[in-house]
Amino acid sequence: MPALPILVGVSGHRNIHPQALVPLREHISCVLRALQALYPTHLQVMTALAEGADQEVADIAAQLGIPVVCILPMPIEAYRCTMAPEARECFDRLYAGDNVSLRFTLPPVQAANGDPAAEDVLQYEQLAILLSRQSHILLALWNGEDNDSAEQRPGRPRRAGRGGTAHTVAIRTHGEYVEVAAASVTGSRLFAERLPRLELARCGPVLHLHTPRATDSNPEPETAGMARWWSDMPADDLTRKYKKHDVRYCWQSLPSGLTPAEWEKTLKLLAPKDFDAVVLASNALQHTGQTHARLCMTSGVYLGLEEETQPDLERVRTLFGQADTLSFISQQKLLGDWVPGMRPRARTEGRRQLGALFWFALAIPTGVSLFETYCEYGKPVGLLLAYAAVLGLAFLYYNIRVKPGKWQELYQDHRALAEALRVQFYWSASQLPLSVSDNYLRQHEGELGWIRLALRGPSLWAMAAALMHKQTPRKAITHIWMDGQRNYFQNRLKSYEKMASRLKMMIHTTIGVLCICIAALALAQLLCGGALPESVPESLRELPSVLIGVLPAILVFFLTFQEMRLLEEHIHAYDQAAGVFEHAEHQARGIRHALAQAHEEDRKVLDDEWNALMITLGKESLAENATWVQAHRSRPITAKMG
């Protein structure tokens, strides 16, 4: 099972024209084979297994060995009643299939008027929103007709076809603000809010295979499988010279009759580059889980709640342990675990005392010392070669090890991934089936956009676990998450304050020594008539000049640690974060105390207060981490900067 799947969401017509079924299945098979070739171990199909198109795609996926995620819009018995007997048998077979990797049912949404038909519409609309938000590629088996498009209803909410394929595609291409009423989202446990009109986070592509319905007035079954592509994300298509933020919101027709190999080439050009980043990250996480199994397990244990979690949530814990471990190992390689003036910490697995930052910073005073000595002591060629070697080795090490190994990206990106998974874990443990990918890095597209895409699969696991009926372990969450994070940030705050204090002392000491050397040399020359006497050995005469040249380089050594470790920024951020978690912990204890004394009729209000606290705390944590990532992104550690 991949750590981070690539999800193909399926939405399509129930009543496919009989003459279109065979060619349509051939096109579906070609598309899935091509995607399977591109993402061989990561591809998964996400479907509601509805009669018609959904079942056809799921059946072909089963034949190809592609895992299927089954999301039912309503309880299974009620859902089966919406199908014809033959389709019901097909549903039972597919739903019980060995290739089903995840099964869950969407929570009920109550209509304002209590109308069962209106509630069914809301259930399907939930499914449409979820498919739009969580799938990486939306596969639409659709005749292309929308009887209530946005152009036909300026300013009016959608009335026809809510939750259908046309609506699902419209949500993906036009945005939720235009296509979904605010009440539809706020009435569901799955969504904290409707996405804003100017949503900067991009949803991903739509692949439309033309699918005539049996009830169409002019079905034209020979057009079945004709393909179109829509995307709002950068791709590898070199023929399109788009700027970074240039988005072409338009459909692109694809050639007809493509073979699987031709589909593979086409989709490789059209698919967003971020999909490849998700696959690379998934492979790196799995490799980390194999090579550092004990560290990953230890990191996962930090989340606690081992006895209360569901199997699907355990997958999130495992992924968190891998992301946390990979980030830690990359951090140790890059930054190390030592700052001038601090005592070395005890050695443990994965921990390094000295990272690349130390050697890059040390290269400056070392190189300057060699060059100053070369200039002042007879210009021996060996010192000049040693000077060149020090600088050359620093640049070679960066360009051969640090940059190709992407140590900085692995450290920062997987730290962001781990922190998002931490929030996702505790949301799920609190029975909040919210997707962290909907609430994280929405203003940080570009090089960080792949993280939101990577979180879509794990978010589904956590949502499924949250919808399982169980008691929320509020005491454990308060102690482990809120107390634990508060203590962590307070300890880190003290540690960074010590680092900053000692580095400042060393910086001031270096400046003081430099001033003393300059004053002493100037005074000696004034007393000696402008030059030191020849009776003084040359080694002593030139030593002040060497020191005056080297001390600023030593000062840079200390300043590099101060700047690259972002000490002042961390002190401010940790202070703020500790305050947030302390405030949350205080409120959580108050809610738990009230729940212990509340009557049954008051518990619903207190449950809502707890949920609101968890959502707010999660969003605050995600926002703090996003700020952290951006701050580190602005200070890249390179041989040049070091």
Side-chain angles (χ1 to χ4, degrees), residues 324 327-346 348 350-366 394 398 402 407-416 418-419 484-514 551-582 620-642:
D324 188 63
S327 175
F328 171 72
I329 292 173
S330 303
Q331 178 198 31
Q332 293 296 302
K333 289 181 179 179
L334 186 69
L335 299 178
D337 201 44
W338 178 81
V339 172
M342 298 297 293
R343 293 180 180 178
R345 296 176 64 179
T348 58
R351 189 179 300 282
R352 296 188 177 194
Q353 298 298 333
L354 304 178
L357 174 62
F358 172 82
W359 299 110
F360 292 159
L362 186 63
I364 298 173
T366 303
Y398 174 75
V402 178
W407 293 357
Q408 183 141 350
E409 290 85 350
L410 288 173
Y411 160 45
Q412 296 167 3
D413 293 359
H414 289 84
R415 171 52 46 207
E419 292 306 315
Q485 287 295 94
R486 180 199 60 190
N487 293 335
Y488 168 81
F489 285 119
Q490 286 178 345
N491 291 336
R492 297 296 287 175
L493 174 62
K494 293 177 183 177
S495 175
Y496 271 74
E497 285 177 338
K498 286 182 180 179
M499 288 185 194
S501 175
R502 293 180 182 182
L503 272 175
K504 283 182 180 178
M505 181 185 68
M506 291 182 172
I507 289 169
H508 293 158
T509 301
T510 304
I511 294 173
V513 172
L514 177 61
L551 284 171
I554 295 175
L555 182 63
V556 171
F557 174 79
F558 296 134
L559 289 172
T560 298
F561 278 91
Q562 185 182 55
E563 179 184 1
M564 294 295 102
R565 296 297 296 251
L566 279 73
L567 297 183
E568 297 299 329
E569 292 88 343
H570 277 97
I571 289 171
H572 176 73
Y574 289 156
D575 186 37
Q576 293 289 325
V580 168
F581 278 95
E582 184 175 12
E620 286 289 336
S621 299
L622 295 173
E624 184 274 331
N625 185 253
T627 302
W628 179 91
V629 173
Q630 286 295 98
H632 279 270
R633 272 289 194 269
S634 65
R635 305 277 184 89
I637 295 175
T638 68
K640 179 180 179 181
M641 290 297 295

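Quick note: residue numbers are just sequence positions, from 1. Since this is a predicted model, take the numbers as computed values, not measurements.
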Which pairs would a plain distance check flag for residues 488-498, meaning a side-chain donor or acceptor within less than 3.5 Å of a matching protein atom at least two apart in sequence or in another chain?
| unit_1 | atom_1 | unit_2 | atom_2 | d |
| --- | --- | --- | --- | --- |
| N491 | ND2 | N487 | O | 3.1 |
| R492 | NH2 | Y496 | OH | 3.4 |

Side-chain atoms of residues 622-632: list all donor-acceptor pairs with protein atoms under 3.5 Å, sequence neighbours left out, distances to 0.1 Å.
| unit_1 | atom_1 | unit_2 | atom_2 | d |
| --- | --- | --- | --- | --- |
| N625 | OD1 | Y440 | OH | 2.4 |
| T627 | OG1 | A623 | O | 3.0 |
| W628 | NE1 | H570 | NE2 | 3.1 |
| W628 | NE1 | H632 | NE2 | 3.1 |
| H632 | NE2 | H570 | NE2 | 3.3 |

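Of all heavy-atom pairs between Y398 and F360, the closest is CB-CZ, 3.6 Å. Looking at every heavy atom in both residues, P365 comes nearest to F557 through CG-CB, 4.1 Å. Looking at every heavy atom in both residues, A578 comes nearest to R486 through O-CG, 3.8 Å. Between W338 and R565, the closest heavy-atom pair is O-NH1, 4.2 Å. Taking all atoms of both residues into account, the shortest heavy-atom contact from F558 to L503 is O-CD2, 3.9 Å. Considering all non-hydrogen atoms of both residues, Q408 and L334 come closest at CA-CD2, 3.8 Å.
To the nearest 0.5 Å, the span separating OG1 on T509 from CE on M506 amounts to 8.0 Å. Note that the CD1 atom of I554 and the CG atom of L559 stand 12.0 Å from one another [nearest 0.5 Å]. Rounding to the nearest 0.5 Å gives a distance of 13.5 Å between CZ of F358 and CG of D337. Distance check, rounded to the nearest 0.5 Å: CG of L514 to CG of L555 gives 8.0 Å.
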Requested in this report: Take L551 and V513, measure what side chain to side chain contact (heavy atoms under 4.5 Å, CB included) needs, and give me the verdict at the end.
Outcome: CA-CA 8 Å; L551 284 171; V513 172; 3.7 Å; yes
Query - Steps toward side chain to side chain contact (heavy atoms under 4.5 Å, CB included) verdict (Q331, L410) - result: CA-CA 8 Å; Q331 178 198 31; L410 288 173; over 6 Å; no
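Between F561 and the options I507, L335, L357, a side chain to side chain contact (heavy atoms under 4.5 Å, CB included) holds for only L357.
Put simply, the side chain of Q332 gets close to the backbone of R352: a donor and an acceptor are under 3.5 Å apart.
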